[in-house]
Amino acid sequence: MTLRTELSLSYIEEFILKESKVSSKIHFPLRVMSKYILLKMGHEETDQNEAPEINTTDLPGLSQLSSSGPVAVSVTRAKQLISLYTITQNPFMTHLKISNPIVLPPLWVRCDGSDPEHTYWLGAEPLKTGNKVTGINLHTVTCNGPIADKTCFATLEELKKAHKIRHHSSVVTTKGFAQYELMRSTALEDTIVESESNIYVDITWNSVDKILQTPPLTSTATLNIRLALGDPRSPIYQLYRELQFLLVLAEGMKTGVTEWPEPLEPESPVELVQELLDDLKSKLDGFNTAVIKNDPEKVKCDTAAVDSSIKSLFSERGELDFAEQLWCKMRRSVTSYQDLVECFTMTIKSLKCGEIQPWIHQGSSSLLSKLIQQSYHGTMEAISLTGITPIKMLLEIGLDKMKKDYVSCFIGQELATLTYLDYFTSSSVGLQEQIHRVQKLHHMLEILVSCTVFLQFKHENLFPLTQSCIKYYKENPLDEKHVFQLPVRPAVVNKFYQNEYPQIWRVEISSGHGQREIKTTWQFSTSAPVEHMTVNNLGFLCDTTINGSSEERVHFIAIAKSSHVHFT
């Protein structure tokens, strides 16, 4: 863990000058830490040799300390601050008579990039042996861009030679990192719909051969998946719309106001339900023959309303019972509370009169299922279709159906067992919590389908991904921004990136060991790696192309260098 502190330069300088004039003992470290430097302080896990990535706010000047955000300063003033910081940490600066010296946290100073090298960060951190400071590790981060010319890169040999000369090293090692976006099929590129969904892979390897080298198949790769619910590009978008109707009903139960979606069928719900009841009546020939098979022409099961490309992978569930068929009819056509009342009134009347004896799945906990079971024995409790009762009845049968739909997908592909999915299908919690858990099931299915369709994943990769998602969602609430990670062999995904430019490509050149290790990092990226560079310097060029041409994608070159100053 690294404690990062951002300082107000003018206040520190002012303070030191004042203290040096009025006192023979300067309490600089303690006083500054407690009173003057607190623009921003926090814990963060970072690579200490890389520029910190934090949110920035452009401030008008350095005339006053402000809590609204840190300021970018010139390199000259930043070097002055780094020098002051170094002095306070040097135990041999006895003439300053610093009492009660303390080890300061690492310091990163924002620079405005106005110097010829375009410096955006200067950093310093103490080198310690036990509790004793033995030196300072100094960092410089420069960045050039946006540029479109990809032929102006330094070569790897030039970078290694410069590192050796600067640090008097004879032996260096290299480590590569690349990040590629994978979810870039034609179907996705053609759409203008913006989405937070993203699938990319991070790859690391040792012994880099050249700049922008394609990672070797012996690399270590990690898939990163972030998928937002409701992306119209998703192959199971229609299943999501069915889930959304459940959420509409759940919200109606809570607020008393239901915002009915546009109907998907031209016929009225009353006509559709009457058609279903008439079909049951005509087929009724004793209880044993009352099992109704699905007729795809008459019952449009939303489980099957998925993209044809995944039907063979995630097959539609078999026989739908009466309650599920009723849900399919009503959810596609209901537009008002009165529709619900009329449809359920017709259904309950047919049950009471014995006109139908529909089949239902065992284990269903909905009120309608209980009424159907009671109708088998000729006794049904009276139900008042007032208040939220009709909405709750429809919500319950839809919830039962969708649980079975999702479970069928996971079990059918041998990705999970029924026992392992118990948490998501349990009826022992309230309806709102049950719906929340069904949303988790949908999010997991979105991830699996996307990896199956776009990345052609097989069971060997889908299974561990499923287990990871299930484990996460048993312990955490629904989070569409969560990045699910999966270690994969590069050979599984390399066909998607081997001819593509990476979003990020980085080589780390290092020499020495332990606290004496020195690093030079060169990075190519398609977006600005320095946030305050975007705000202050890019202007209209912060777009991803130049001159409106999608072929001339811009990029940025950042270099992070470190060096040591030893006090002993």
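Only heavy atoms go into these numbers, but all of them, side chains included; no hydrogens, no water, no symmetry mates.
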Relative to the ring of Tyr237, is the ring of Tyr240 parallel (under 30°), tilted (30 to 60°) or perpendicular (over 60°)?
->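 Plane angle under 30°, so parallel.
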Those residues that, when tested against Ser527, pass side chain to side chain contact (heavy atoms under 4.5 Å, CB included) (two or more places apart) |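 None.
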Excluding sequence neighbours, so at least two apart, what forms side chain to side chain contact (heavy atoms under 4.5 Å, CB included) with Ser375?
->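 Here the qualifying residues are Leu351, Ile372, Met380.
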Is the Lys NZ or Arg CZ of Lys458 less than 6.0 Å from the centre of Phe463's six-membered ring, within 45° of the axis?
->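 Because its charged atom misses either the 6.0 Å distance or the 45° angle limit, Lys458 does not stack over Phe463.
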Looking at Phe177, does the NZ or CZ of Arg506 lie under 6.0 angstrom from its six-membered ring centre and within 45 degrees of the ring axis?
-> yes
So His442 and Glu446, side chain to side chain donor-acceptor pair (under 3.5 Å) or not? Walk me through it.
-> CA-CA 6 Å; His442 184 88; Glu446 287 264 18; 2.9 Å; yes
With Lys440 as partner, the option from Tyr423, Tyr473, Tyr406 fulfilling side chain to side chain donor-acceptor pair (under 3.5 Å) is Tyr423
Between Glu242 and Lys401, does a salt bridge (Lys or Arg N to Asp or Glu O under 4.0 Å) hold up when you go through it step by step?
-> CA-CA 11 Å; Glu242 184 176 2; Lys401 174 190 173 292; 2.9 Å; yes
In this structure, which one of Leu367, Val273, Thr389, Leu385 forms a side-chain contact (heavy atoms from CB on, under 4.5 Å) with Phe344?
->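 Going through the options one by one, the only one that passes is Leu385.
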Short N-O contact, Lys404 and Asp400, less than 4.0 angstrom |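 Looking at Asp400 together with Lys404, the answer is no, because their closest N to O distance does not fall below 4.0 Å.
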Glu267/Arg332 salt bridge by N-O under 4.0 Å criterion = no
Apply the test side chain to side chain donor-acceptor pair (under 3.5 Å) to residues Gln274 and Asp278: give CA-CA distance (whole Å), side-chain angles for both, the deciding distance (0.1 Å), then the verdict.
-> CA-CA 6 Å; Gln274 187 62 61; Asp278 290 343; 2.8 Å; yes
Do Ser369 and Ser366 pass the side chain to side chain donor-acceptor pair (under 3.5 Å) test, and can you show the C-alpha distance, the side-chain angles, and the key distance before you say yes or no?
-> CA-CA 5 Å; Ser369 295; Ser366 69; 2.8 Å; yes
Would a line drawn from the ring center of Phe484 to the ring center of Tyr472 be shorter than 6.0 Å?
-> yes
Answer yes if the ring centres of Tyr120 and Trp108 are under 6.0 angstrom apart, and no otherwise.
-> no
